[in-house]
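To start, the structure under review is shown below, and the notes come after it.
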2 protein chains.
Amino acid sequence: MAKPIKHILRKKAIFKVNGSLWIECEGNRFFGPGPVELLERIIDTGSINQAAKQMKMSYKKAWEIIHVLNEHSAHPVVIMQSGGQRGGGSLITKEAIQLINYHRSLRKRFKKFLENETEKLSF
Amino acid sequence: MAKPIKHILRKKAIFKVNGSLWIECEGNRFFGPGPVELLERIIDTGSINQAAKQMKMSYKKAWEIIHVLNEHSAHPVVIMQSGGQRGGGSLITKEAIQLINYHRSLRKRFKKFLENETEKLSF
DNA sequence: TTTCGTTATTTCTTATAAAATATAACGGTT
DNA sequence: AACCGTTATATTTTATAAGAAATAACGAAA
């Protein structure tokens with residue numbers, strides 16, 4: 001069992017072990033919480049533009065995220081269409097849904113890890 | 001068991017689950033890999049200035065890291081002295097050593113977590 | 001009192017990232 | 001052909017972070 005370090009830290013202050021998680025390909029990360037939320041909002045709105053606006057993200061950045069996602073996937077996760085009756089739109093594939101589900105379960109496990117480590121700080 | 005997602009990702013590319021970890025106090029992080037290495041180099045050199053140079057970090061940034069560390073600790077982790085025969089110097093307390101050891105064990109556990117998750121990607 | 005290399009602090013400059021802006025292309029409908 | 005709202009892309013501007021540089025303070029020793 002690791003030694004607790006709470007006695008070293010300032011009293012009356014709340015300390016937490018926290019972190020971030022992502023999937024990377026050859027060193028550069030391409031899938032994390034941001035892209036997941038973007039995919040979810042594309043489901044709702046049917047448009048990269050609308051999804052980006054909801055997240056207060058520039059269209060450009062949203063487009064880049066999607067672009068990288070598609071690049072790293074065996075099959076596209078977002079189908080984009082420009083032009084047409086309503087100007088176009090985007091929709092996600094079943095692979096995207098699987099990615100979302102995977103990420104949810106991954107985050108659950110990570111959350112547990114962090115909570116466990118935060119407890120260890122004190123005891 | 002979570003569904004694997006490898007079949008979704010691009011072939012012939014190596015994917016990894018990776019992340020970063022830190023301790024935070026009321027929302028702002030103050031202790032991670034950087035500060036640990038800095039402490040270690042202060043042990044070796046006896047000087048914030050030398051330690052910063054080894055890490056190709058500005059003295060200012062190093063000083064700020066140490067400052068925040070001391071601020072969040074019940075007792076200082078680095079004792080700094082300016083002036084004197086050789087201009088001064090810094091040395092770390094036993095609390096700092098405990099912090100270093102804690103962080104090492106924490107990173108070990110995190111590494112294991114990440115490796116486990118990376119395996120899960122494929123199977 | 002001068003010297004030394006460090007700590008301590010401010011200011012200025014540079015580099016990087018993010019955001020905003022502008023413009024073109026698209027294609028179904030009217 | 002004109003219109004629409006989207007995708008697609010380049011350019012410019014802004015904001016933020018990082019870095020460099022400059023200067024003062026420190027105090028033991030010679």
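With distances taken from any side-chain atom of B/Lys61 to the nucleotides D/dT7, C/dT7, D/dG19, the minimum falls on D/dG19. Of all nucleotides listed (D/dA10, C/dT7, D/dT7), C/dT7 comes nearest to the side chain of B/Asn49. Among C/dC26, D/dA29, C/dT6, the nucleotide with an atom closest to any side-chain atom of B/Gln50 is C/dT6. Residue B/Lys60 places its side chain closer to D/dA20 than to any other of D/dA20, C/dA8, C/dA19.
Not one side-chain nitrogen or oxygen of B/Ser90 sits closer than 4.0 Å to the OP1 or OP2 atom of C/dT6.
As judged by a 4.0 angstrom heavy-atom cut-off over every strand, A/Ser47 is placed among residues touching the sugar-phosphate backbone only. Residue-level contact check: B/Gly84 touches the bases, meaning some heavy atom is under 4.0 Å from a base atom.
Nearer to the 5' terminus of DNA chain C, by closest-nucleotide assignment, is the contact made by B/His67 (compared with the other of B/His67 and A/Gln81). For the pair A/Arg86 and A/Met57, nearest-nucleotide mapping onto DNA chain C gives the more 5' position to A/Met57.
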Start with the C-alpha distance between A/His103 and A/Leu99, add both sets of side-chain angles, then the distance that settles side-chain contact (heavy atoms from CB on, under 4.5 Å), and finish with yes or no. CA-CA 6 Å; A/His103 194 262; A/Leu99 274 185; over 6 Å; no
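When rounded to the nearest whole Å, the span between CG of B/Asn70 and C1' of C/dA8 equals 14 Å. Computed from coordinates, the A/Leu38 CG to D/dT7 P distance equals 11 Å when rounded to whole Å. When rounded to the nearest whole Å, the span between CD of B/Gln85 and C1' of C/dT2 equals 15 Å. Counting to the nearest Å, the P atom of C/dA20 and the NZ atom of A/Lys56 are 11 Å from each other. The CD atom of A/Glu64 sits 12 Å away from the C1' atom of D/dA10 (whole-angstrom rounding). The distance between atom CH2 of B/Trp63 and atom C1' of D/dA18, rounded to the nearest whole Å, is 17 Å. Between the CD1 atom of A/Ile79 and the P atom of D/dA8 there is a distance of 11 Å, rounded to whole Å. Rounded to whole Å, the distance from CD1 on B/Ile65 to C1' on D/dG19 is 14 Å.
Inter-residue side-chain proximity for A/Thr118 and A/Phe15 is flagged as unmet; no heavy-atom pair is nearer than 4.5 Å.
A salt bridge is defined here as a Lys NZ or Arg NE, NH1 or NH2 lying under 4.0 Å from an Asp or Glu carboxylate O, and B/Lys112 with B/Glu115 fails to meet this definition. Looking at B/Glu117 and B/Lys120, a side-chain N of the basic residue comes within less than 4.0 Å of a carboxylate O on the acidic one, giving a salt bridge.
Ring geometry, B/Phe110 versus A/Phe113: the interplanar angle falls from 30° to 60°, so the pair is classed tilted.
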